[in-house]
Amino acid sequence: MTVRFVDSASLPTAWGEFDMHGFEDAQANKEHVVLTMGDVGNGEPVLARVHSECLTGDALFSMRCDCGNQLQAALEAIAAEGRGALFYLRQEGRGIGLLNKIRAYKLQDAGADTVEANERLGFGADMRDYSILKPMFDHLAIDSVRLMTNNPRKVQALEELGVKVVERIPLHTHSNPHNEKYLRTKAGKLGHLFG
Ligand SMILES: Nc1nc2c(ncn2[C@@H]2O[C@H](COP(=O)(O)OP(=O)(O)OP(=O)(O)O)[C@@H](O)[C@H]2O)c(=O)[nH]1
Ligand SMILES: [Zn+2]
């Protein structure tokens with residue numbers, strides 16, 4: 001495992017002041033960040049979100065997915081409790097990268113769903129590797145979480161890393177005409193739990 005801690009600094013946001021911790025995965029040439037608030041290393045389960053990069057949803061206001069809303073809801077929830085951690089993983093497009101996600105969106109524009117599009121491009125439905133989280137959890141001395149997610153695979157992935165998920169907190173956001181099919185496919189093919 002090549003992920004190593006690089007440095008920390010404060011990050012004031014619209015919802016309060018976080019500490020931002022930078023990690024480098026030299027092998028994969030990726031940079032990841034974790035935002036924390038409060039004392040996350042005191043042994044109490046930490047309100048946490050593991051969020052995979054979605055440039056279009058997180059930064060460019062896309063309505064094709066629910067990523068930006070989930071990111072904002074997670075930061076708000078952490079700030080409301082005054083303690084928590086947001087792991088922001090640079091695994092764009094469920095691990096296929098931004099340009100391949102654009103290729104996948106083009107196939108979706110022609111009728112494919114999000115899983116079919118990935119497969120037509122020769123990728124698995126979900127190429128993410130959550131093992132990169134282990135050095136981050138260890139560095140922050142977090143060993144148990146209350147995880148904000150609808151994705152049971154994330155819960156399982158953390159448990160496999162030795163991080164105890166004491167609670168799964170659903171993270172529902174509003175659907176719109178552009179992301180309805182995306183959310184239906186998440187529930188139907190990727191196992192997400194809604195409702
Ligand atoms: N390949 C591909 N990736 C997508 C598409 N739409 C969104 N993504 C990516 O899907 C990922 C969503 O990650 P997360 O927000 O961690 O969410 P999740 O695994 O769906 O589970 P939750 O914790 O319930 O949100 C991001 O990396 C997005 O870039 C798509 O149509 N195709
Ligand atoms: Zn998205």
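Between Leu35 and Met20 the shortest side-chain heavy-atom distance falls below 4.5 Å. Taking the side chain as every heavy atom from C-beta outward, Arg128 and Leu89 never approach each other to under 4.5 Å. You'll find the side chain of Leu86 reaches within 4.5 Å of the side chain of Leu71, heavy atoms only. When side chains are defined from C-beta on, Leu75 does not count as touching Thr13, because their heavy atoms never get closer than 4.5 Å. Looking only at side-chain heavy atoms (C-beta outward), Val163 and Lys134 stay at 4.5 Å or farther from each other. Within the 4.5 Å cutoff, the side chain of Leu47 has no heavy atoms near those of the Arg83 side chain. Inter-residue side-chain proximity for Thr149 and Arg49 is flagged as met; some heavy-atom pair is nearer than 4.5 Å. Side-chain contact between Arg64 and Asp109 is present, with heavy atoms from C-beta onward closer than 4.5 Å.
How far CD of Gln156 is from CG of Asn151: 10.0 Å, rounded to the nearest 0.5 Å. Annotation: the span from Asp25 atom CG to Glu31 atom CD amounts to 10.5 Å, rounded to 0.5 Å. Residue Glu119 holds its CD atom at 12.0 Å from CG of Leu107, rounded to the nearest 0.5 Å. Going from atom CG of Leu98 over to atom CD of Glu53 covers 7.5 Å, rounded to the nearest 0.5 Å. Distance CD/Glu92 to CG/Asn100: 10.5 Å, rounded to 0.5 Å.
Checked against His21 for a side chain to side chain contact (heavy atoms under 4.5 Å, CB included), the options Asp7, Leu140, Leu11, Val33 give a single hit: Leu140.
Aromatic ring orientation, Phe5 versus His139: parallel (interplanar angle below 30°, classes split at 30° and 60°).
Here ring-ring contact (aromatic ring centres under 6.0 Å, His included) pairs that include residues 36-58, with residues two or more places apart or in two chains, are His51-Tyr88.
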